[in-house]
Amino acid sequence: MPPFVAGLMQACGRLPSLERFPSKLARLASEDAVSDFACLPDELLLLVVKRLGGVQELLSFAACAQRFHGAVVNNEPIWESLFSKRFGKPTKLHLSAHNLAGSWLTLYRAKVITAKAAEPWRKPTTFELQAALQDLAHGGSSGRYSISSSCSSSDVVPASPSCSVSDNSQSSSSTEVPLEPGQEAAAAAAAAAEVDTLAVVFLVDGSGSVGEEDFTCMTEFLETAGQAVAAVPHSKVSIVQFSNDTRVEVPLGPWQKDSFEAGIRNMVRMNGGTNIAAAVAKAGSLFKSCASCTPLTRRALVLLTDGRIDSYQAREAGQMVGQLADEQANVGLWAFGVGRGVDVGELVRIIEGAGGAAKGLGAERYVELCVRDDAPW
């Protein structure tokens, strides 16, 4: 660090956060040094800011004067770089969370506060959780919703280029009678009211490897996630708990606050094994029995689990996911890790399905909900 910058920062003191803003310490600082820096052109001031490598140095510099504060807090490239150094290269989830937060500084600060409060666990920030829920509710900005790369003759999967459907497409049949402009809008509204746009089944791991604390984390998440689904017009939601077998806690239907929350409160952990394949199959049967679901309905499976299963069970679960994608249209799978020693690799493979039908989506659709690296035994 240049000596003149070090001298200025020493004069200004070191602040623990941006909330304790400059005025008092700045008055105690060397007025001449602050005045000299305040007269620098913007280009030179930004060069000085770039030379301040650490968060503490940046905050101390920002505390010296109003102009320095603006140069630090509004510098997106620097805060993105600091975010990458501390939390790793930004993922798709981080980028979406950044958009919700409004700046890299805001997301960085939220990550630091959340990490400190959650220790020794790892949990997402509010921005990351909102981004994940938006992704599963709307299919993500990439538009790739389905875990299947192909579709049958009877199903239409918008995520596949070979069988894409436009909402504004019209039949080429010569017998179709064109609609008047006013009638077209009315017909579209009537059609939308008769079909679901989104159906979500939450699959909750109630096996013996999931502790009471983990189970509480999942049920608390369900309340928030249910409201996110309810915000999507013409949506349905269900909760299925699984261990060796499955149990429907909330039937697939429109979100109703009282009945949905009652279903969560009345859940009793099943204990037993971790049969993810059975849970996926149960979700498939719920989707299949949904009379108002069409090939255009987005079907989302949300798996809440520690993912600790053997290789046979993992392979069986992946095959079931692939089978569901082949049998039904527009299916997507997300996984939220819960507990100690979460097997991320297996969860990613399960998300991608048998044969890697959703290759590349696994890492994007895995979220750490409340995890620790150490195993419970």
Side-chain angles (χ1 to χ4, degrees), residues 1-10 12-22 25 37 40 42-65 67-132 134-135 140-142 336-337 342 344-345 347-348 360 362-374:
M1 180 188 303
F4 57 89
V5 176
L8 176 64
M9 291 175 59
Q10 185 177 6
C12 290
R14 295 184 177 276
L15 296 181
S17 69
L18 286 176
E19 280 76 10
R20 295 174 59 184
F21 190 64
L25 285 176
F37 268 82
L40 286 176
D42 290 343
E43 300 81 21
L44 293 180
L45 185 59
L46 289 176
L47 287 176
V48 172
V49 172
K50 288 180 180 179
R51 294 291 297 274
L52 304 174
V55 173
Q56 189 63 64
E57 294 173 349
L58 284 167
L59 298 183
S60 297
F61 187 73
C64 293
R67 186 171 177 228
F68 301 167
H69 178 267
V72 169
V73 301
N74 297 324
N75 198 313
E76 280 285 273
I78 284 183
W79 287 105
E80 182 178 5
S81 175
L82 290 170
F83 184 96
S84 300
K85 288 179 181 178
R86 180 156 184 172
F87 303 109
K89 183 179 178 181
T91 63
K92 178 186 174 184
L93 179 67
H94 291 145
L95 296 175
S96 298
H98 161 256
N99 292 334
L100 292 172
S103 71
W104 284 108
L105 170 58
T106 303
L107 183 58
Y108 181 96
R109 179 159 39 196
K111 288 281 286 183
V112 171
I113 293 173
T114 301
K116 185 175 181 179
E119 287 181 344
W121 296 83
R122 293 195 305 275
K123 295 183 179 182
T125 65
T126 301
F127 301 117
E128 291 169 302
L129 198 56
Q130 288 176 346
Q134 285 186 7
D135 184 53
S141 59
S142 65
F336 288 77
V342 174
V344 178
L347 288 178
V348 168
E364 291 182 5
R365 293 181 173 178
Y366 169 74
V367 180
E368 292 181 336
L369 186 59
C370 40
V371 302
R372 289 178 64 169
D373 290 330
D374 56 314

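Just the heavy atoms: all of them, side chains too, but no hydrogens, waters or symmetry mates, feed the values below.
- A donor-acceptor contact shorter than 3.5 Å links the side chain of E128 to the backbone of T125.
- For P124 against L129, the heavy-atom pair with the smallest separation is CG-CD1, 4.2 Å.
- Using modelled atom types, one finds no donor on one side chain facing an acceptor on the other under 3.5 Å when comparing S81 with S84.
- Atom-to-atom distance recorded for D373:CG and W121:CH2 is 10.5 Å, nearest 0.5 angstrom.
- L58 is not listed as a side-chain neighbour of V73, based on a closest heavy-atom distance of 4.5 Å or more.
- Residues V371 and Y366 come closest through the heavy atom pair CG1-OH, 4.2 Å.
- Between H94 and F87, the gap from one ring centroid to the other reaches at least 6.0 Å.
- Of the possible donor and acceptor atoms, none in the side chain of W79 sits under 3.5 Å from a partner among the backbone N and O of L107.
- T106 contributes no side-chain N or O that, together with a main-chain N or O of G102, makes up a donor-acceptor pair within less than 3.5 Å.
- Qualifying side chain to side chain donor-acceptor pair (under 3.5 Å) partners for E368, counting only residues two or more places apart in sequence or in other chains: R122.
- To the nearest 0.5 Å, atoms NZ (K92) and CG (D135) are separated by 4.5 Å.
- For A131 against L93, the heavy-atom pair with the smallest separation is CB-CD1, 3.7 Å.
- Nearest heavy-atom pair across L82 and Y108 is O-CE1, 3.7 Å.
- Across E76 and L105, no two heavy atoms sit closer than the pair OE2-N, 4.3 Å.
- Not counting sequence neighbours, the partners of L95 by the side-chain contact (heavy atoms from CB on, under 4.5 Å) test are P90, W104.
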